Peer 1: 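A single structure is presented below for examination.
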Amino acid sequence: MENILLITIGAALVNNVVLSQFLGLCPFLGVSKKVETAAGMGGAVIFVITLASFVCGIIEKFILIPAHLDYLNTIVFILIIAALVQFVEMFLHKSMPSLYNSLGVYLPLITTNCAVLGIALKNVQNGYGILTGTVNGFFTAVGFSIAIVIMAGIREQIEYNDFPEAFKGSASVLFTAGLMAIAFFGFSGII
């Protein structure tokens with residue numbers, strides 16, 4: 001149980017997928033303009049990463065390893081992730097059209113989000129079982145959601161501030177992301 005607790009805290013805060021491992025930066029920087037949109041993207045990523053971790057763990061354990069096809073895990077995981085993202089896209093299109101429209105091109109980009117594939121592969125590489133891998137995936141996605149919502153909140157607050165011309169636009173976003181990465185680095189403690 002202690003191992004699961006360490007994985008949850010580590011995945012969400014210490015080894016934050018965006019701010020420590022620099023995976024998933026495209027949606028992090030592209031969708032973090034409004035808190036509502038960022039929260040919607042965070043929810044979609046939580047669903048996809050958690051379910052992908054679970055399904056990939058099952059496929060790896062019960063199909064790929066027994067058939068000695070574990071070298072195909074990257075290709076199989078990409079197919080699983082693409083199918084899950086299509087499911088999320090269809091669900092949002094039918095049930096929440098405003099969120100679907102506000103996410104725009106970034107929703108299908110979850111398929112190519114390296115954080116989703118990276119966590120599925122990390123679960124295999126670290127030898128996590130199905131439950132541990134799913135917990136790791138869920139809390140990694142929670143960490144992504146925390147980071148993107150905080151970034152969106154900061155961007156909403158500084159949108160109308162008076163900056164020098166050199167710091168407007170992408171420069172202020174990247175500078176803010178760098179400061180957030182430093183702040184999240186504090187969760188790792190002093191070694």
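Treat the numbers as computed from the prediction; the structure is a model and nothing was measured. All residue numbers in this chain count up from 1 along the given sequence.
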Peer 1: Treating D70 as the side-chain partner and I65 as the backbone partner, does any N or O pair qualify as donor plus acceptor under 3.5 Å?
Peer 2: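 Checking the backbone N and O of I65 against the side chain of D70, no donor-acceptor pair under 3.5 Å is found.
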Peer 1: Measure the spacing between OG1 of T8 and CG of L6 and express it to the nearest 0.5 Å.
Peer 2: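 So the OG1 of T8 and the CG of L6 are separated by 7.5 Å.
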Peer 1: When you compare the side chain of M151 with that of V173, does any pair of heavy atoms fall below 4.5 Å?
Peer 2: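 Yes, at least one pair of side-chain atoms sits under 4.5 Å.
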Peer 1: For F54, is the CZ atom crowded, meaning more than 12 foreign heavy atoms sit under 6.0 Å from it?
Peer 2: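 At most 12 heavy atoms, drawn from other residues, nucleotides or ligands, come within 6.0 Å of this atom.
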Peer 1: Between N15 and A11 (side chain of the first, backbone of the second, donor and acceptor by atom type, cut-off under 3.5 Å), is there such a pair?
Peer 2: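 Here the side-chain-to-backbone pair does not exist.
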Peer 1: Please report the interatomic distance CD(E60) to CG(L72), rounded to the nearest 0.5 Å.
Peer 2: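 Going from the CD atom of E60 to the CG atom of L72 covers 10.0 Å.
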Peer 1: Testing the basics here: between S53 and G137, what is the closest heavy-atom pair and its distance to 0.1 Å?
Peer 2: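 Minimum heavy-atom separation between S53 and G137: OG-CA, 3.4 Å.
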Peer 1: On the 0 to 90° scale, with breaks at 30° and 60°, tag the F187-F184 ring pair as parallel, tilted or perpendicular.
Peer 2: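 If you compare the ring of F187 with that of F184, the planes turn out perpendicular.
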Peer 1: So, for A166 and A171, which heavy atoms are closest and what is the spacing to 0.1 Å?
Peer 2: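 It is O-CB, 3.4 Å.
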Peer 1: Do you know which of T50, I49, V45, L51 makes side chain to side chain contact (heavy atoms under 4.5 Å, CB included) with F47?
Peer 2: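 With F47 as partner, side chain to side chain contact (heavy atoms under 4.5 Å, CB included) holds for just one option, L51.
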Peer 1: Can you hop from I119 to I58 via hydrophobic side chains spaced under 4.5 Å?
Peer 2: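 Yes; tracing contacts between hydrophobic side chains, which count when under 4.5 Å, links both residues.
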Peer 1: Spell out, as yes or no, whether a donor-acceptor pair under 3.5 Å connects the side chain of E156 to the backbone of V35.
Peer 2: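 Yes; judged by distance alone, with no hydrogens or angles, the pair exists.
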Peer 1: Please say which of I75, V76, T74 ends up in a side chain to side chain contact (heavy atoms under 4.5 Å, CB included) with I78.
Peer 2: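 It is T74; the other options fail the test.
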Peer 1: Given the rule in the side-chain contact (heavy atoms from CB on, under 4.5 Å) test, do V116 and F144 qualify, once you have shown the distances and angles that lead to the verdict?
Peer 2: CA-CA 11 Å; V116 181; F144 176 87; over 6 Å; no
Peer 1: Side-chain contact test, heavy atoms from C-beta onward, threshold under 4.5 Å: evaluate it for L69 versus I63 and give yes or no.
Peer 2: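 A side-chain contact under 4.5 Å is absent here.
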Peer 1: What pair of heavy atoms forms the shortest contact from M180 to A147, and how long is it?
Peer 2: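 Nearest pair, atom of M180 first, then A147: CE-O, 3.4 Å.
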Peer 1: According to a 4.5 Å side-chain heavy-atom criterion applied to Ile, Leu, Val, Met, Phe, Trp and Tyr, with indirect links allowed, do I154 and F175 form part of one hydrophobic cluster?
Peer 2: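 Result: no, two separate clusters.
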Peer 1: Using the side-chain contact (heavy atoms from CB on, under 4.5 Å) rule, take F77 and V124 through it: C-alpha gap first, then chi angles, then the decisive distance, then the call.
Peer 2: CA-CA 11 Å; F77 293 174; V124 170; 3.7 Å; yes
Peer 1: Tell me if a side-chain donor or acceptor on R155 pairs with a main-chain N or O of S172 at a distance below 3.5 Å.
Peer 2: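 Absent.
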Peer 1: Which atoms form the tightest heavy-atom contact between M41 and I148, and what is the distance?
Peer 2: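 So the minimum-distance heavy-atom pair works out to CG-CD1, 4.1 Å.
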Peer 1: To the nearest 0.5 Å, what is the distance between NZ on K94 and OH on Y100?
Peer 2: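 Atom-to-atom, K94:NZ and Y100:OH are 10.5 Å apart.
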Peer 1: Group every Ile, Leu, Val, Met, Phe, Trp and Tyr by side-chain heavy-atom contacts under 4.5 Å, then state whether L179 and I146 land in the same group.
Peer 2: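 L179 does not cluster with I146.
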Peer 1: Using every non-hydrogen atom in the two residues, find where V14 and S20 come nearest and quote the distance to one decimal.
Peer 2: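 Scanning both residues, the minimum pair turns out to be O-OG, 3.1 Å.
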Peer 1: Where is the tightest heavy-atom contact between S32 and A38, given as atom of each residue plus distance?
Peer 2: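 Looking at all heavy atoms of both residues, the shortest contact is CA-CB, 4.5 Å.
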Peer 1: Apply side-chain contact (heavy atoms from CB on, under 4.5 Å) to residues F139 and V135 and explain how you reach the verdict.
Peer 2: CA-CA 6 Å; F139 281 99; V135 168; 3.8 Å; yes
Peer 1: What is the distance from atom SG of C56 to atom CG of L64, rounded to the nearest 0.5 Å?
Peer 2: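 Separation between the atoms: 9.0 Å.
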Peer 1: Apply side-chain contact (heavy atoms from CB on, under 4.5 Å) to L29 and L174, showing your working.
Peer 2: CA-CA 8 Å; L29 297 174; L174 293 173; 3.9 Å; yes
Peer 1: Roughly how far, to the nearest 0.5 Å, is CD of Q157 from OG1 of T176?
Peer 2: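 Between atom OG1 of T176 and atom CD of Q157 there are 12.0 Å.
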Peer 1: Linking I/L/V/M/F/W/Y whenever their side-chain heavy atoms sit closer than 4.5 Å, directly or via other members, would V17 and F22 fall into one cluster?
Peer 2: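 Same hydrophobic cluster.
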Peer 1: Is a side-chain N or O of N136 found less than 3.5 angstrom from the main chain of T132, in a donor-acceptor match?
Peer 2: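 Looks like no, no N/O pair under 3.5 Å.
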Peer 1: Report yes or no: do F91 and V85 belong to one cluster of Ile/Leu/Val/Met/Phe/Trp/Tyr joined by side chain heavy-atom distances under 4.5 Å?
Peer 2: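 In one cluster with F91: V85, yes.
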Peer 1: Measure the CG-CG distance between L79 and L84 for me, rounded to the nearest 0.5 Å.
Peer 2: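 Going from CG on L79 over to CG on L84, the span is 11.0 Å.
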